[in-house]
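A short write-up of the structure that comes next.
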Amino acid sequence: MTGLILKLAPGERVLINGAVIENGDRRCRIAIKTPNASILRLKDAIHPDDVATPVARVCYDAQLLLSGDADPAQGRRDLLRGIEQLSRVFDDRDSRAALDGATADVIGGNVYRALRQLRSLLPREARIFAQIA
């Protein structure tokens, strides 16, 4: 069982199953062996006030699941619904691959990996909004 390997910078904080863990003065690697552990790097966390776009909203839904602030069953349904809505807008090959991967990850119980896939859409979304403006 390999698990997830987290590489933390000095002073970096991570939320693991509801507990905030802060790294010390040196870089470190942490192996998470527990399957389906809820993990969120706090440097990647989206503040509620910054949720202003559809992709950010779906990422925030994933974040709520990871932090334990959402009911797991309802949170998964909301997350899958949000991914489905995004799939109506993002129709290029790379975006579809990210959305399909995120869907599979949510269904498979790996919300952390789904969040990583979804975050890859943030720059694409920003470019779309920039073209509209």
Side-chain angles (χ1 to χ4, degrees):
M1 180 165 137
T2 59
L4 174 69
I5 304 294
L6 292 177
K7 296 176 184 175
L8 301 177
E12 186 174 357
R13 295 188 302 166
V14 64
L15 182 74
I16 301 176
N17 288 345
V20 176
I21 298 168
E22 184 173 334
N23 189 23
D25 296 336
R26 291 186 265 169
R27 297 183 68 74
C28 78
R29 290 173 38 137
I30 298 174
I32 308 296
K33 299 295 186 179
T34 303
N36 300 323
S38 296
I39 299 166
L40 176 64
R41 285 180 181 269
L42 294 182
K43 73 177 185 176
D44 294 335
I46 299 172
H47 191 275
D49 294 340
D50 296 333
V51 179
T53 66
V55 174
R57 175 75 239 171
V58 176
C59 287
Y60 188 71
D61 287 344
Q63 181 178 304
L64 290 175
L65 267 174
L66 288 171
S67 66
D69 292 324
D71 173 69
Q74 182 63 44
R76 276 197 243 323
R77 282 192 297 273
D78 291 344
L79 185 53
L80 288 170
R81 188 176 310 116
I83 293 170
E84 172 62 30
Q85 291 169 350
L86 291 177
S87 71
R88 295 179 191 152
V89 176
F90 292 94
D91 57 1
D92 63 280
R93 190 184 60 184
D94 292 338
S95 297
R96 296 294 305 169
L99 290 167
D100 291 345
T103 299
D105 290 334
V106 173
I107 291 170
N110 193 335
V111 179
Y112 178 78
R113 195 159 54 199
L115 176 59
R116 287 182 34 198
Q117 299 254 19
L118 292 167
R119 286 182 64 83
S120 73
L121 298 175
L122 288 169
R124 294 172 196 271
E125 181 185 51
R127 284 193 300 272
I128 290 171
F129 283 132
Q131 290 174 347
I132 293 171

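Basis for what follows: all heavy atoms, side chains included, without hydrogens, waters or symmetry-related copies.
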*How many angstroms lie between atom CG of Leu15 and atom CG of Asp44, to the nearest 0.5 angstrom?*
12.0 Å

_Treating Arg29 as the side-chain partner and Ile5 as the backbone partner, does any N or O pair qualify as donor plus acceptor under 3.5 Å?_
no

*Taking side-chain contact (heavy atoms from CB on, under 4.5 Å) as the test, write out the residues that go with Pro72, two or more places apart.*
Arg76

*Set of residues satisfying side-chain contact (heavy atoms from CB on, under 4.5 Å) with respect to Ser120, sequence neighbours excluded*: Ala98

_Approximate separation, where rounding is to 0.5 Å, of Ser67 OG and Ile16 CD1_ = 13.5 Å

*asked:* With heavy-atom distances below 4.5 Å as the criterion, would you say the side chains of Ile39 and Ile32 are in contact?
replied: yes

Output side-chain donor-acceptor pairs under 3.5 Å for residues 6-13, partner residues at least two apart or in another chain, one line each.
| residue | atom | partner | partner atom | Å |
| --- | --- | --- | --- | --- |
| Glu12 | OE1 | Ala9 | N | 2.8 |
| Glu12 | OE1 | Arg41 | NH1 | 3.3 |
| Glu12 | OE2 | Arg41 | NH1 | 2.5 |

_So for atom CZ, which belongs to Arg124, do other residues, nucleotides or ligands contribute more than 12 heavy atoms lying within a distance under 6.0 Å?_
yes

*Within-4.5 Å side-chain heavy-atom neighbours: Ile46 and Arg119*: yes

_Atom pair OG (Ser87) and CG (Asp100), whose distance is rounded to the nearest 0.5 Å_ = 8.0 Å

*Closest heavy-atom contact between Leu40 and Ala45?*
CD2-CB, 4.2 Å

_Testing the basics here: between Ala62 and Val111, what is the closest heavy-atom pair and its distance to 0.1 Å?_
O-CG1, 3.6 Å

*asked:* List the residues meeting side-chain contact (heavy atoms from CB on, under 4.5 Å) with Ala130, not counting sequence neighbours, and say none if there are none.
replied: none

*asked:* Taking Arg26's backbone N and O only, do any of them form a donor-acceptor pair with Asn23's side chain (distance below 3.5 Å, no angle check)?
replied: yes

*For Arg88 and Gln85, does a side-chain donor sit closer than 3.5 Å to a side-chain acceptor?*
no

*Would Ile30 end up clustered with Tyr112 when hydrophobic side chains under 4.5 Å apart are linked, directly or stepwise?*
yes

Distance-only donor-acceptor pairs under 3.5 Å for side chains of residues 50-57, two or more places apart:
| residue | atom | partner | partner atom | Å |
| --- | --- | --- | --- | --- |
| Thr53 | OG1 | Ala56 | N | 3.3 |
| Thr53 | OG1 | Glu125 | OE1 | 2.7 |
| Thr53 | OG1 | Glu125 | OE2 | 3.4 |
| Arg57 | NE | Asp61 | OD1 | 3.3 |
| Arg57 | NH2 | Asp61 | OD1 | 2.7 |

*Same apolar cluster: Leu99 and Leu122, side chain cutoff 4.5 Å*: yes

_Please enumerate all residues that pass side-chain hydrogen bond (donor to acceptor under 3.5 Å, both in side chains) together with Arg81, with sequence neighbours excluded._
Asp78

*asked:* Is there a path of hydrophobic side-chain contacts, each under 4.5 Å between heavy atoms, that joins Leu4 and Leu118?
replied: yes

*Looking at CD of Gln117 and CG of Leu115, how far apart are the two atoms once the value is rounded to the nearest 0.5 Å?*
10.0 Å

*Which atom names give the shortest non-hydrogen contact between Asp92 and Ser95, and what distance separates them?*
OD1-OG, 2.7 Å

_I need the minimum non-hydrogen distance between Ser38 and Leu66, along with the two atoms involved._
CB-O, 2.9 Å

*Quick one: do Leu65 and Leu86 end up in the same hydrophobic cluster if we chain Ile, Leu, Val, Met, Phe, Trp and Tyr together by side-chain heavy atoms under 4.5 Å apart?*
yes

